[in-house]
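Input: a single structure, listed below in structure tokens.
By convention here, the first residue in the shown sequence is residue 1.
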Amino acid sequence: MAKKDKKIQESPKLPFWQHYKIMFPFIKPYMFRAILAIALCIPIGALDAVVALALKPYMDVVLVDKTDQSPAYIPLLIVAFTVVQGAFNYSATYLNAWVGGKITTDVKRALFKKLLLLEPAYYDKNDSGHIIQRFSADVDVACNGLIDNIRLFVSRIFSSLSLICVLIYNSWQLSIIAILVLVFALMPLARLRRMLKGVIYKTVQENSTILTNYNETYHGSKTIAAYNLQNQTYKAYSKVIGKLFKLSIKMVQRTAWMTPMLHIVASVGIGAVIGFGSYLIVNGTITSGNFVSFITALILLYTPIKNIGKNFSAVQVSFLAIERIADILDIKPQICNSKNAITLGGIQKEIRFENVDFAYNPDTPILKNINLQIKSGTTVALVGNSGGGKSTIVSLLPRFYDVVGGKITIDGQDIRNLTLESLRDKIAVVFQDNFLFSGTIRDNILMGKPDATEEEINKALEMAYLKDFVDEQEKGLDTDIGERGGLLSGGQRQRLAIARAFIKNAPIVVLDEATSALDNKSEAVVQKAIDNLMQDRTVFVIAHRLSTIQNADEIVVINDGQIVEQGSHNKLLKLENGAYKALYNAQFKK
């Protein structure tokens with residue numbers, strides 16, 4: 001199971017600020033709620049100082065002076081503030097979840113829309129795992145992860161600020177020690193992003209490969225069983241899992257040291273404060289209440305700091321995911337409408353290929369100087385050796401790919417000057433292996449024309465020789481066909497695809513080896529359906545079985561990306577040593 005080339009068609013890496021400029025429109029509609037959620041984190045954090053601050057009068061009055069007039073309001077005040085803090089915490093959590101969910105949903109919609117607009121060449125160069133990872137999984141990491149951690153950081157920042165105020169209030173001398181230790185503890189965080197970036201990028205790549213393995217195993221299960229590929233497939237999967245394990249260990253190596261390091265630094269700070277604080281109490285600089293309040297505030301300050309490494313790592317992962325999303329959103333589809341594109345009304349005269357050159361890769365030309373003239377309402381058949389460029393020619397017509405040289409015109413209009421929607425609306429394609437969507441027979445037929453009437457649907461079924469099969473089903477048109485039409489036979493899938501093409505009623509029909517994968521009985525029925533579909537339309541037929549194209553108005557023989565012969569069936573058979581004659585004799589030599 002070969003991996004596809006990871007050199008994806010994406011924009012050059014954007015500047016740091018440009019990533020967040022691209023993401024801002026998704027945040028803007030929810031800016032008020034986002035700011036409110038962050039604002040609620042301020043009192044959540046700041047109220048942490050209440051407990052520490054309340055301990056000073058309580059310690060001085062009750063435990064040191066041992067007076068009966070203890071400030072009874074202090075315990076009640078602590079409970080009241082905790083209740084308020086809890087209410088704010090719930091509100092902030094709810095708002096963050098709402099904002100994060102909305103932003104995630106909008107970004108996923110935008111990414112999916114972008115995915116739908118990308119040309120087939122993008123799919124050729126990127127496997128399914130890469131697309132799932134980049135267009136879906138990254139969004140959850142970026143949006144939900146970032147918002148959750150921002151809430152945590154904001155509350156901790158204001159908790160830290162309020163606690164630092166308590167420290168300074170109780171003893172500015174001890175505060176100097178505590179703050180210096182805090183700064184020293186946080187300095188390594190500045191290097192963390194650079195340390196994580198390469199590991200995270202490789203992890204994303206390998207995760208996409210894992211998704212591809214699952215996808216290929218699902219769709220290739222019969223092939224794996226038929227060729228006894230279980231061990232080979234398992235080894236490939238196991239190799240990737242092994243790489244992911246090594247990357248996860250690298251992540252631990254680069255982040256796990258922070259927590260114990262911060263624990264050590266914090267303990268040094270607490271130890272220094274206790275030592276120097278004892279001296280200050282003895283000489284009367286601070287009271288016991290000051291000291292207990294200070295130590296409580298210091299522990300409350302250092303406790304979250306000791307675990308901040310994990311949260312900071314998660315934030316960096318989210319930031320890097322945002323950058324990857326922004327890179328995707330910044331991709332410009334290579335095939336799109338030109339600035340002044342016009343709408344194609346129909347085909348009245350002809351389709352022309354004029355000196356057309358094409359290559360999937362610049363160094364490997366596929367088509368060379370293709371010249372064709374197809375009159376409206378005629379049928380042209382493309383034959384020749386495998387890999388000669390027949391399917392490529394018909395892929396250029398609906399602009400799945402754009403020509404490298406020359407042009408294709410419809411009634412004199414370069415198809416690059418037509419809107420993509422109107423161009424593709426005039427073309428119906430039936431492939432060798434047609435993709436059917438999960439759902440019902442009705443769902444798949446209506447994709448050709450969503451507003452089709454029952455009469456039009458029944459007409460399409462009759463013309464595709466599918467009516468009897470549908471009538472035999474208990475649920476009729478509402479019969480489920482399974483994922484990719486897995487509950488249908490090969491002939492039934494082809495006829496359903498023909499019905500979908502028929503109901504579209506496009507003036508141009510492309511048949512790309514539509515019967516080559518069928519047995520003789522299925523082929524006969526499908527060929528009748530195809531004959532119905534071809535009536536009064538301009539048709540491109542690609543076929544290896546020459547018996548299906550002998551009545552074509554024009555037969556074009558393409559070998560190695562060039563037209564070597566062109567003419568009717570009878571005309572081509574008269575050519576001595578002709579390429580078409582050789583193909584014909586090979587199939588009908590008996």
Main chain of [Y], side chain of [X]: is a donor-acceptor contact present, judged purely on distance under 3.5 Å?
X: Asn458; Y: Glu454; answer: yes
X: Ser248; Y: Phe245; answer: yes
X: Arg493; Y: Leu488; answer: yes
X: Thr479; Y: Gly476; answer: yes
X: Thr440; Y: Asp478; answer: no
X: Glu462; Y: Lys459; answer: no
X: Lys390; Y: Asn385; answer: yes
X: Gln473; Y: Phe469; answer: yes
X: Thr364; Y: Asn361; answer: no
X: Arg495; Y: Tyr465; answer: yes

key: Any residue meeting side chain to side chain contact (heavy atoms under 4.5 Å, CB included) with Ser376, in chain and number order, not counting sequence neighbours   =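 Testing Ser376 for side chain to side chain contact (heavy atoms under 4.5 Å, CB included), a comparison that skips the adjacent residues, returns Ile347, Thr538.
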
message = Could you work out, with side chain to side chain contact (heavy atoms under 4.5 Å, CB included) as the rule, every residue matching Lys407, not counting sequence neighbours?
response =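 Once residues adjacent in sequence are excluded, the partners of Lys407 under the side chain to side chain contact (heavy atoms under 4.5 Å, CB included) criterion are Glu354, Thr409, Asp414, Arg416.
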
What closest approach, in Å, do [X] and [Y] show between heavy atoms, and which atom pair accounts for it?
X: Glu119; Y: Ile335; value: OE1-N, 3.7 Å
X: Gly388; Y: Leu367; value: O-CD2, 4.4 Å
X: Ala321; Y: Asp138; value: CB-O, 3.7 Å
X: Val557; Y: Ala579; value: CG1-CB, 3.9 Å
X: Lys504; Y: Asp425; value: CE-O, 3.5 Å

Salt bridge between [X] and [Y], side-chain N to carboxylate O under 4.0 Å?
X: Asp357; Y: Lys368; answer: no
X: Lys349; Y: Asp411; answer: no
X: Lys426; Y: Glu421; answer: no
X: Asp471; Y: Lys467; answer: yes
X: Asp553; Y: Lys375; answer: no
X: Arg324; Y: Asp327; answer: no
X: Lys125; Y: Asp127; answer: no

Heavy-atom side-chain contact between [X] and [Y] under 4.5 Å:
X: Phe358; Y: Tyr401; value: yes
X: Phe437; Y: Asp443; value: no
X: Thr104; Y: Asp140; value: yes
X: Tyr122; Y: Gln334; value: no
X: Lys243; Y: Thr209; value: no
X: Tyr234; Y: Leu229; value: no
X: Gln566; Y: Ile563; value: yes
X: Phe431; Y: Val394; value: no

Polar side chain donor-acceptor pair, [X] to [Y], under 3.5 angstrom:
X: Glu206; Y: Thr203; result: no
X: Asn215; Y: Ser128; result: yes
X: His569; Y: Tyr580; result: yes

Is it the case that over 12 heavy atoms from other parts of the model lie below 6.0 angstrom from the [atom1] atom of [X]?
X: Lys581; atom1: NZ; result: yes
X: Lys108; atom1: NZ; result: yes
X: Asp451; atom1: CG; result: yes

query = Is there a side chain to side chain donor-acceptor pair (under 3.5 Å) between Gln205 and Ser208 once you walk through the steps?
reply = CA-CA 5 Å; Gln205 283 189 317; Ser208 71; over 6 Å; no

The single option from Val556, Leu583, Ile555 passing side-chain contact (heavy atoms from CB on, under 4.5 Å) against Leu572 =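 Exactly one candidate clears the test, Ile555.
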
message = Checking Val564 against Ile558 for the side-chain contact (heavy atoms from CB on, under 4.5 Å) test, could you report, in this order, the C-alpha distance in whole Å, the side-chain angles of both residues, the deciding distance, and whether it holds?
response = CA-CA 6 Å; Val564 295; Ile558 300 171; over 6 Å; no

inquiry  = Ile351 vs Leu397, test: side-chain contact (heavy atoms from CB on, under 4.5 Å). Steps then yes/no.
reply    = CA-CA 9 Å; Ile351 300 171; Leu397 187 58; 4.0 Å; yes

